[in-house]
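Written out below as structure tokens is the structure these notes cover.
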Amino acid sequence: MSEMEDVKAAEEQTTPATDATSKKEELVGETTEELPPEQIVTETIDEDGDEVEEITQITKKVVKRTMKITETSSTTKTSSLTAPAKLYGKDLSEYDDVDVETLLAQLSPEEINILAKEVDPDDNFLPPDQRCSYECTKDPTGPLNRKKLIEHINKQAIETPDQPEFEPYVKGTVRGKKWVPPPRDQRDVEAEEKIAIDLGDEYESALKDATQEEIIDLAAILGFHSMMNQDQYHASLLNKGQPVGMGWDGITKSTQQKVYPMDPPNDTDVEESIRRVKDDDEKLIDLNLNNIKNISEEKLEQLINALPGNEHLEVLSLTNVGLTDKLALLLAEAIEKSKTLRVLNVETNFISPPVIVKLVQALLKCRTIEEFRASNQRSQVLGNKIEMEITDLVEKNTSLLRLGLHLEFNDARHRVAAHLQRNIDRIRVQRLNQRK
């Protein structure tokens with residue numbers, strides 16, 4: 001009986017009387033069938049040294065027996081048979097009554113360490129220092145100082161002498177066995193041979209006398225981009241002449257980046273702009289508050305509350321001004337009451353996806369906004385549910401022409417783009433009819 005069978009037998013428990021089924025087999029008939037013979041030919045050498053063929057004939061017979069199986073059911077009692085546990089083929093039943101704690105108490109610390117090394121260390125419940133077989137017996141000299149530890153390791157590495165070489169170095173000699181590449185297959189060499197093309201005397205003489213710059217220009221005309229860098233290519237197309245030191249063997253350097261001046265800071269007076277919006281100034285058509293730092297929520301709230309009463313403001317840009325959900329909800333209510341606003345930009349703020357849906361929903365009641373931008377918010381991904389809601393709202397809007405939102409799903413992008421294109425086409429047709 002194998003160890004696996006011993007374990008299975010040890011796990012069986014004593015059960016009450018159960019029904020057992022026994023099988024009885026009886027021989028009914030037997031037939032013998034002879035298969036065609038097979039011949040095996042082997043070559044051997046006889047005593048005279050001649051090769052001789054030996055033919056071996058094999059005859060096979062097949063015996064077919066017909067058995068009758070009879071099943072009988074009877075009630076039997078099963079007694080508990082506990083097979084002795086084994087480890088590496090040894091019986092462990094004699095240690096069943098032994099107290100493990102008593103045995104461990106009799107071991108010395110050295111014997112316990114040896115026993116601990118035999119335990120499987122791949123146990124997630126053990127700390128890492130107990131899984132490692134290496135144990136440092138030195139007492140700690142103090143708290144860990146990473147800088148001093150690295151300095152000590154570098155010092156030891158410098159002070160440790162190098163291992164002497166078995167064979168001293170001599171210039172011009174090879175130490176050890178030199179690697180020699182294996183000979184190449186002749187077919188590979190023939191495949192890599194260059195094909196000679198006869199271009200004619202005229203082309204041969206022209207290419208032979210051509211300078212390096214002319215060859216580079218010819219490569220640019222033929223479109224061989226991989227043979228030159230961008231400076232050479234553009235110089236050939238613009239007929240500016242090749243840069244000095246930039247031939248085939250020249251060092252390729254990166255193109256110097258063009259320095260553009262920084263955009264001047266937005267010096268719009270916020271308080272003055274709020275006053276002009278409240279007073280419905282006729283000259284205030286475009287209000288740009290982009291990238292103005294430290295605009296308080298009270299000032300933004302005053303500006304948003306003044307929008308419904310203004311009848312001249314057409315473009316409002318509030319990019320990167322710290323717009324939150326609370327202010328965005330107030331802006332959605334102000335959009336519904338606006339009569340002249342055409343462009344609204346609230347990009348790079350802290351508006352959540354559900355509030356963006358509220359803003360898009362407010363565009364349905366406004367009917368004057370043609371462009372709405374609200375990308376690069378706190379949540380970069382809107383989600384499938386939010387994008388489908390925005391798509392449904394956009395498809396109901398007949399005045400929106402441009403939408404600045406990053407939509408992740410193809411279905412939403414295609415539907416929004418198709419609807420905006422239909423709005424643009426319809427408005428263009430209407431304007432053409434009005435001109436006529």
Side-chain angles (χ1 to χ4, degrees), residues 260-352 355-378 390 393-394 397-406 420 423-424 426-428 430-431 434-435:
Y260 294 96
M262 295 286 293
D263 293 335
N266 193 346
D267 55 355
T268 304
D269 190 351
V270 179
E271 295 182 356
E272 178 67 18
S273 300
I274 295 174
R275 185 189 62 79
R276 295 178 64 184
V277 172
K278 289 182 178 179
D279 297 342
D280 194 8
D281 190 353
E282 297 180 356
K283 298 181 180 180
L284 184 61
I285 299 176
D286 187 351
L287 178 58
N288 188 340
L289 300 180
N290 295 344
N291 303 317
I292 297 180
K293 305 294 182 181
N294 303 323
I295 301 180
S296 62
E297 291 189 2
E298 290 78 11
K299 293 181 180 180
L300 290 174
E301 189 173 350
Q302 293 175 7
L303 174 64
I304 294 172
N305 292 331
L307 290 177
N310 191 288
E311 297 182 357
H312 295 88
L313 185 64
E314 297 182 1
V315 180
L316 176 61
S317 297
L318 298 174
T319 301
N320 193 21
V321 294
L323 208 63
T324 59
D325 286 347
K326 176 184 176 182
L327 298 174
L329 291 174
L330 294 176
L331 182 61
E333 296 177 0
I335 290 174
E336 296 178 357
K337 303 175 184 178
S338 178
K339 300 177 182 179
T340 58
L341 199 60
R342 293 189 305 102
V343 179
L344 177 62
N345 189 347
V346 291
E347 293 178 337
T348 316
N349 284 295
F350 303 99
I351 306 175
S352 61
V355 180
I356 294 178
V357 176
K358 296 289 185 182
L359 291 172
V360 178
Q361 188 176 6
L363 302 180
L364 292 175
K365 297 182 179 179
C366 180
R367 295 295 181 180
T368 59
I369 293 182
E370 299 177 354
E371 181 177 348
F372 174 70
R373 300 185 179 275
S375 60
N376 193 24
Q377 299 297 329
R378 176 175 57 185
I390 293 175
L393 293 172
V394 170
N397 196 321
T398 59
S399 60
L400 188 64
L401 304 181
R402 298 177 182 85
L403 178 66
L405 272 176
H406 176 68
L420 295 180
N423 288 349
I424 293 174
R426 185 181 63 256
I427 293 177
R428 184 175 66 251
Q430 291 177 358
R431 290 176 180 176
Q434 291 176 359
R435 291 177 183 177

Task: Contacts of Glu282 that satisfy salt bridge (charged side-chain N to carboxylate O under 4.0 Å, His left out) - sequence neighbours left out - done: none
Taking C-beta and beyond as the side chain, do [X] and [Y] meet within less than 4.5 Å on heavy atoms?
{"X": "Ile285", "Y": "Val315", "result": "no"}
{"X": "Ile295", "Y": "Leu303", "result": "no"}
{"X": "Thr398", "Y": "Arg426", "result": "yes"}
{"X": "Ile351", "Y": "Arg378", "result": "no"}

Partners passing side-chain contact (heavy atoms from CB on, under 4.5 Å) against [X] (at least two apart in sequence or in another chain):
{"X": "Asn376", "value": "Thr348, Gln380"}
{"X": "Ser375", "value": "Glu347"}
{"X": "Leu364", "value": "Leu393, Lys396, Asn397"}

Using every non-hydrogen atom in the two residues, find where [X] and [Y] come nearest and quote the distance to one decimal.
{"X": "Cys366", "Y": "Ser338", "result": "SG-O, 3.9 Å"}
{"X": "Ala328", "Y": "Val355", "result": "CB-CG1, 3.5 Å"}
{"X": "Val321", "Y": "Leu289", "result": "CG1-O, 3.1 Å"}
{"X": "Ala374", "Y": "Ile356", "result": "O-CD1, 4.1 Å"}
{"X": "Ala332", "Y": "Ala362", "result": "O-CB, 3.4 Å"}

- [ ] Quick one: which residue pairs count as a side chain to side chain donor-acceptor pair (under 3.5 Å) with a foot in residues 296-308, not counting sequence neighbours?
- [x] Glu271-Lys299
Open item on the list: For residues 314-324, which residue pairs pass the side chain to side chain donor-acceptor pair (under 3.5 Å) check, not counting sequence neighbours?
Closed with: Asn290-Thr319, Asn291-Asn320, Glu314-Arg342, Thr319-Asn345
Treating [X] as the side-chain partner and [Y] as the backbone partner, does any N or O pair qualify as donor plus acceptor under 3.5 Å?
{"X": "Thr368", "Y": "Leu341", "answer": "yes"}
{"X": "Glu370", "Y": "Leu400", "answer": "no"}
{"X": "Asn288", "Y": "Asn266", "answer": "no"}

- [ ] Take atom CZ of Arg402 as the centre, draw a 6.0 Å sphere, and report whether it contains more than 12 heavy atoms from other residues, nucleotides or ligands.
- [x] no
Open item on the list: For Asp269, I'd like to know if atom CG has over 12 heavy atoms of other residues, nucleotides or ligands within 6.0 Å.
Closed with: yes
- [ ] Could you please spell out the steps behind the side-chain hydrogen bond (donor to acceptor under 3.5 Å, both in side chains) verdict for Asp280 and His312?
- [x] CA-CA 7 Å; Asp280 194 8; His312 295 88; 2.7 Å; yes
